[in-house]
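Have a look at the structure below, then the notes.
This one's a predicted model, so the numbers in the text were calculated from it and none came from an experiment. Computation of the quantities below employed the complete heavy-atom set of this structure, encompassing side-chain atoms and omitting hydrogens, waters and symmetry-equivalent molecules.
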Amino acid sequence: MKHSTEYVECKFNDVRRENEVVVRLEAQEVKKRDKFKYLGSVIQSNGEIDEDVSHRIGAGWMKWKLASGVLCDKKVPPKLKGKFYRVVVRPALLYGAECWPVKNSHTQRMKVAEMRMLRWMCGLTRRDRARNETIREKVGVTSVECKMREARLRWFGHVKRRGMDAPVRRCERLALDGFRRGRGRPKKYWGEVIRRDMEQLQLTEDMTLDRKVWKTRITAED
């Protein structure tokens with residue numbers, strides 16, 4: 001009997017083993033993959049998020065194209081287009097982004113994709129030399145970078161308000177036995193991104209305990 005089962009091995013460091021592990025199911029070797037889609041997100045074996053970012057941008061464009069009849073209609077007011085974009089397109093673009101350990105290159109890709117959508121909504125191209133800020137103000141849409149930061153900090157607040165026995169809090173205390181970092185630049189971790197976000201907005205961890213105050217401080221208004 002042939003199985004369609006596949007698996008991904010998550011590598012927490014770049015150290016290679018001499019003998020690769022072979023997974024079998026009823027004597028049949030299970031195919032190993034470098035990435036796997038789970039609940040709408042793409043998980044890579046090397047712990048990076050490049051594939052997931054590409055997938056989200058693609059999902060955002062798919063929603064944009066389905067709604068292009070409204071978004072590109074010259075009879076529809078720009079502010080209404082912006083509201084439609086925020087409700088329909090942006091959630092698809094940002095799904096799962098609250099857990100991304102983003103690099104500047106990832107953020108830039110998201111910003112480029114969003115600005116292209118907003119320009120086309122306004123019937124403009126780069127040749128028109130309209131400033132990004134002008135276009136955002138016209139449709140009433142804040143930068144995707146700010147909304148990504150808001151999503152990260154909102155999730156961080158949820159995590160910190162959970163009890164120490166909650167599974168999500170236990171993950172914070174996980175320690176990997178025999179962990180060794182490979183050569184080259186170290187991977188970027190979610191905690192590092194959160195610390196940077198909090199420094200930018202002058203936040204402290206104890207603020208997370210007051211849900212109302214935290215929400216007010218992290219919200220990026222459109």
Side-chain angles (χ1 to χ4, degrees), residues 35-44 48-159 190 193-194 196-197 200-201 211-212 214-222:
K35 59 183 178 180
F36 186 80
K37 186 184 289 187
Y38 180 71
L39 297 178
S41 297
V42 179
I43 301 172
Q44 292 179 232
E48 296 291 347
I49 62 169
D50 303 84
E51 294 284 348
D52 202 19
V53 172
S54 297
H55 178 63
R56 282 296 106 210
I57 291 175
W61 273 115
M62 188 175 297
K63 287 290 186 181
W64 190 92
K65 289 173 182 176
L66 288 173
S68 59
V70 174
L71 297 176
C72 295
D73 190 340
K74 294 182 179 180
K75 297 179 182 179
V76 178
K79 293 292 185 183
L80 184 57
K81 289 182 180 181
K83 186 174 182 178
F84 199 84
Y85 169 85
R86 298 196 304 269
V87 173
V88 176
V89 180
R90 192 161 67 189
L93 193 64
L94 295 182
Y95 178 83
E98 65 271 15
C99 297
W100 286 351
V102 288
K103 301 175 183 176
N104 291 334
S105 58
H106 300 137
T107 302
Q108 185 61 26
R109 288 177 61 193
M110 296 287 281
K111 290 167 66 176
V112 168
E114 182 182 67
M115 280 312 306
R116 188 171 296 174
M117 295 178 190
L118 299 183
R119 284 178 185 276
W120 285 359
M121 282 165 52
C122 296
L124 301 171
T125 66
R126 293 187 67 85
R127 293 181 180 179
D128 294 298
R129 297 185 178 279
R131 293 175 60 85
N132 292 350
E133 294 77 9
T134 303
I135 294 173
R136 291 190 184 284
E137 185 176 349
K138 185 175 182 180
V139 295
V141 174
T142 194
S143 171
V144 69
E145 181 177 12
C146 296
K147 300 308 288 187
M148 288 169 67
R149 181 178 61 203
E150 177 187 325
R152 285 193 299 271
L153 291 173
R154 183 170 59 246
W155 175 245
F156 178 71
H158 290 326
V159 171
W190 185 72
V193 183
I194 291 295
R196 182 195 64 193
D197 292 338
Q200 289 178 346
L201 297 184
R211 187 188 301 268
K212 190 173 182 180
W214 187 251
K215 182 179 179 180
T216 301
R217 294 291 300 268
I218 70 173
T219 300
E221 297 290 350
D222 283 300

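The NZ atom of Lys79 sits 9.5 Å away from atom CG of Asp222, with the distance rounded to the nearest 0.5 Å. Note that CG of Leu93 and CE of Met117 are 5.5 Å apart. Values are rounded to the nearest 0.5 Å.
Leu201 and Arg217 get closest at one heavy-atom pair: O-NH2, 3.2 Å. Minimum heavy-atom separation, Asp50 to Arg109: O-NH1, 3.8 Å. Heavy-atom minimum distance, Leu71 versus Tyr85: CD2-N, 4.2 Å. Residues Glu150 and Ala220 come closest through the heavy atom pair OE1-N, 2.9 Å.
For the residue pair Thr219 and Arg154, no side-chain donor N or O sits within less than 3.5 Å of a side-chain acceptor on the partner.
When the shell of 6.0 Å around CZ of Arg196 is examined, it contains more than 12 heavy atoms from other residues, nucleotides or ligands. Dense packing is recorded around CH2 of Trp190, with more than 12 heavy atoms of other residues, nucleotides or ligands lying under 6.0 Å away.
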When the side chains of residues 55-68 are checked against the rest of the protein, which donor-acceptor pairs come out under 3.5 Å, sequence neighbours left out?
{"residue": "Arg56", "atom": "NH1", "partner": "Ala92", "partner atom": "O", "Å": "2.6"}
{"residue": "Arg56", "atom": "NH2", "partner": "Gly40", "partner atom": "O", "Å": "3.0"}
{"residue": "Ser68", "atom": "OG", "partner": "Lys65", "partner atom": "O", "Å": "2.8"}

Compile the donor-acceptor pairs under 3.5 Å between side chains in residues 127-141 and protein atoms, sequence neighbours left out, one pair per line.
{"residue": "Asp128", "atom": "OD2", "partner": "Thr125", "partner atom": "N", "Å": "2.7"}
{"residue": "Asp128", "atom": "OD2", "partner": "Thr125", "partner atom": "OG1", "Å": "3.4"}
{"residue": "Asn132", "atom": "OD1", "partner": "Arg119", "partner atom": "NH2", "Å": "2.8"}
{"residue": "Arg136", "atom": "NH1", "partner": "Glu114", "partner atom": "OE1", "Å": "2.8"}
{"residue": "Arg136", "atom": "NH1", "partner": "Thr142", "partner atom": "O", "Å": "3.3"}
{"residue": "Arg136", "atom": "NH2", "partner": "Glu114", "partner atom": "OE1", "Å": "3.2"}

message: Before you tell me yes or no, could you show the steps for Met115 and Arg126 under side chain to side chain contact (heavy atoms under 4.5 Å, CB included), namely the whole-Å CA-CA distance, both residues' side-chain angles and the distance that decides it to 0.1 Å?
response: CA-CA 10 Å; Met115 280 312 306; Arg126 293 187 67 85; over 6 Å; no
message: Could you go through Met110 and His106, starting from their C-alpha distance and side-chain angles, then the distance that decides it, and tell me whether this counts as side chain to side chain contact (heavy atoms under 4.5 Å, CB included)?
response: CA-CA 6 Å; Met110 296 287 281; His106 300 137; 5.7 Å; no
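Considering only heavy atoms from C-beta on, Lys103 stays 4.5 Å or farther from Val53 through its side chain. Between Met148 and Lys111, every side-chain heavy-atom pair lies at or beyond the 4.5 Å cut-off.
Trp100 pairs by the side-chain hydrogen bond (donor to acceptor under 3.5 Å, both in side chains) definition with Asp52, not counting sequence neighbours.
In this structure, the side chain of Lys81 does not engage the main chain of Leu118 through any donor-acceptor pair within 3.5 Å. With hydrogens and angles disregarded, a donor-acceptor distance shorter than 3.5 Å links the side chain of Gln44 to the backbone of Glu51.
Just one residue in the list Ile194, Asp197, Ile218 forms a side-chain contact (heavy atoms from CB on, under 4.5 Å) with Phe156, and that residue is Ile194.
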